[in-house]
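These notes concern the structure reproduced below.
What you are looking at is a predicted structure, and each value in this text was computed from that prediction instead of being measured.
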Amino acid sequence: MEQTTWAAVAAERIQRYEQNNVQEKIDQILDSLSIKEQLHPKQHVLIKPNLLMKRRPEEATTAHPAVVEAVVRYLQGAGIETIVIADSPGGPYTKPLLRGIYEATGMAQVCKNTGAVLNEEVGFQAVPALNGRQCTSFHLIDPVAEADVVISIGKLKTHCMTTLSGGVKNLFGCIPGLQKPELHYRFQDKKAFCRMLVDLAQTVSPLVTIIDGIIGMEGDGPSAGQPIHSGFLAASTSPFVLDRYLCELIGFLPKEAPTVEESIERGLCPQQTEKIPLLSQSGMPKEIPFKKPSSKSVDFMSYVPRVFAPVVRAVKDSLLTPRPKVDKKACIGCGRCAESCPAKTIAIENKKASIRYDRCIRCYCCHEMCPVKAIHVQRVKLFDL
């Protein structure tokens, strides 16, 4: 039976990353959610921003430092003394990689401005899954596992595998380094992978999830899409309810975003967004349409004549499923794609990436981690109905 009451979503229109304005909106949003009532000065608070890769804030791939700084200052205003910023971005979980990403994304400057601490330790520990349906336990990076409170700051983006990269998907960065591709390989089916993400979100259980939607990313996100000025900040104490709201806001159906669909099935968010209490909504539009990723699912089997269905079904996964394709001219041979490939199907040959499609599991990790956008998701448009 569906719940009768749901966690509220607070959203505010804001057009630019001007620090004073961002601070005002973050204060309004978090006050409306009564976050200070659940904070105590001696708590160790972990801020987990989306720091996917070494990108500048203006590239719209990572959570903007103005938002992160505003959250830090809000926490300090509530008397919190210990505030750590941590993420496990794509690639190996190493100190040099963390330092480079913290610097490029503006997190190092946030800590200089505020006195918050950047995590540079690379330990992790096993944590039992909370109400897990796909997993019984997870390895979580130490600062997440040891925090009294986790605050998640995601970036509103489309995603070539999960369609929506919002509150639930942001917590995948709590998994250490190259153990993330291992989970891709373990859960090759998209629905199974997204069930795992929902298990993970329930296990981490952030106090509040904030989404930076001032400038989002549409199309082939989470790293190779196009920036879109969506002009808002939003938050909720439930990442599942927040993602349901975001899904509706950017014009996606729940069935197009498997984490949202799974959350609905588990009773973690409502089927209808009308049931979500909305707070602090000055000037928010009903819809901000986003371009979908190229790898969106294509359900064309119902259009195929029955006599041809067995043949089409036999080849659709191998020939008609979107696949990553290397732009040889743009490829710089850095090896990040091979490093992040869970199926170990990519090799660097003659200083260029090469993909063995007979072993490719279509997880799009290579597309996600390419620093120069040299890997595209190629679709067969014949059945794009």
Side-chain angles (χ1 to χ4, degrees), residues 50 52-53 55 59-62 89-91 154-173 175 180-181 183-185 187-197 216-228 243 246-247 250-262 289-299 316-327 330-331 336-343 345-346 353 355 357 359-381 383-384:
N50 184 320
L52 175 64
M53 60 198 309
R55 288 277 176 86
E59 295 180 87
T61 306
T62 55
K155 186 77 167 178
L156 180 59
K157 299 183 287 186
T158 50
H159 194 286
C160 281
M161 184 177 188
T162 63
T163 307
L164 173 69
S165 183
V168 171
K169 181 64 174 65
N170 185 48
L171 296 173
F172 197 41
I175 303 295
K180 291 190 287 293
L183 287 171
H184 273 288
Y185 194 70
F187 303 115
Q188 297 179 28
D189 176 75
K190 183 184 295 187
K191 289 188 176 182
F193 183 78
C194 289
R195 281 196 296 270
M196 177 274 296
L197 290 177
M217 179 177 284
E218 64 177 354
D220 290 338
S223 62
Q226 300 80 44
I228 175 174
D243 279 3
L246 296 173
C247 195
I250 64 175
F252 292 2
L253 298 173
K255 67 179 181 180
E256 295 177 299
T259 54
V260 175
E261 186 176 42
E262 176 68 19
F290 270 45
K291 180 182 177 183
K292 293 180 174 65
S294 299
S295 61
K296 67 179 182 182
S297 60
V298 181
D299 181 13
K316 77 178 183 72
D317 287 338
S318 59
L319 298 181
L320 302 178
T321 302
R323 66 180 188 175
K325 182 179 180 182
V326 179
D327 180 344
C331 178
R336 290 293 300 277
C337 55
E339 183 180 74
S340 63
C341 177
T345 189
I346 302 177
I355 301 173
Y357 290 107
R359 298 190 313 201
C360 177
I361 64 173
R362 270 67 164 181
C363 67
Y364 312 115
C365 287
C366 56
H367 164 83
E368 182 174 328
M369 294 312 303
C370 179
V372 294
K373 302 184 181 181
I375 299 181
H376 310 296
V377 178
Q378 184 180 48
R379 301 179 60 234
V380 176
K381 296 186 178 181
F383 293 103
D384 192 3

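The main-chain N or O of V168 is found under 3.5 Å from a side-chain atom of D243 such that the two form a donor-acceptor pair. In this structure, the side chain of E218 does not engage the main chain of F290 through any donor-acceptor pair within 3.5 Å. Distance alone, capped at 3.5 Å, places no donor-acceptor pair between the H184 side chain and the A343 backbone. With hydrogens and angles disregarded, a donor-acceptor distance shorter than 3.5 Å links the side chain of S340 to the backbone of C337. Looking at R55, its side chain does come within 3.5 Å of a backbone N or O of S223 through a donor-acceptor pair. A donor-acceptor contact shorter than 3.5 Å is absent between the side chain of E262 and the backbone of T259.
Under the side-chain contact (heavy atoms from CB on, under 4.5 Å) test applied with K157, the options T62, T61, I250, I228 reduce to a single match, T61.
Looking at every heavy atom in both residues, C160 comes nearest to H367 through SG-NE2, 3.5 Å. The minimum heavy-atom distance linking C194 with P258 is given by the pair SG-CB, 3.4 Å. Residues G154 and N50 approach most closely at CA-CB, 4.2 Å, considering heavy atoms. Among all heavy-atom pairs drawn from V326 and C331, the shortest one is CG1-CB, 4.1 Å.
Here the side chains of L183 and I175 are in contact, with some heavy-atom distance below 4.5 Å. Taking the side chain as every heavy atom from C-beta outward, M369 and L52 approach each other to under 4.5 Å. Between V377 and R323 there is no side-chain heavy-atom pair separated by less than 4.5 Å. A heavy-atom distance below 4.5 Å is not found between the side chains of E368 and M53. The shortest side-chain heavy-atom distance between C365 and P342 falls under the 4.5 Å cut-off.
For the atom pair CG (L164) and OG1 (T158), the distance works out to 8.5 Å, reported to the nearest 0.5 Å. Taking CZ of R195 as the start and CD of E261 as the end, the distance is 10.0 Å to the nearest 0.5 Å. In this structure, the separation between CD1 on I346 and SG on C360 is 7.5 Å, given to the nearest 0.5 Å. The line from SG of C363 to CE of M161 is 6.5 Å long, rounded to the nearest 0.5 Å.
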Starting from the C-alpha separation in whole Å, work towards a yes-or-no answer on side chain to side chain contact (heavy atoms under 4.5 Å, CB included) for L197 and T162.
CA-CA 10 Å; L197 290 177; T162 63; 3.9 Å; yes
Side chain to side chain contact (heavy atoms under 4.5 Å, CB included) between K169 and H159, worked out
CA-CA 9 Å; K169 181 64 174 65; H159 194 286; 3.4 Å; yes
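Ring centers of F193 and F172: under 6.0 Å apart, within the cut-off.
Within a 6.0 Å sphere centred on OH of Y357, other residues, nucleotides and ligands contribute more than 12 heavy atoms. A 6.0 Å sphere centred on NZ of K373 holds more than 12 heavy atoms belonging to other residues, nucleotides or ligands.
By the ring pair (Phe, Tyr, Trp, His ring centres under 6.0 Å) test, H376 pairs with no residue at all, sequence neighbours left out.
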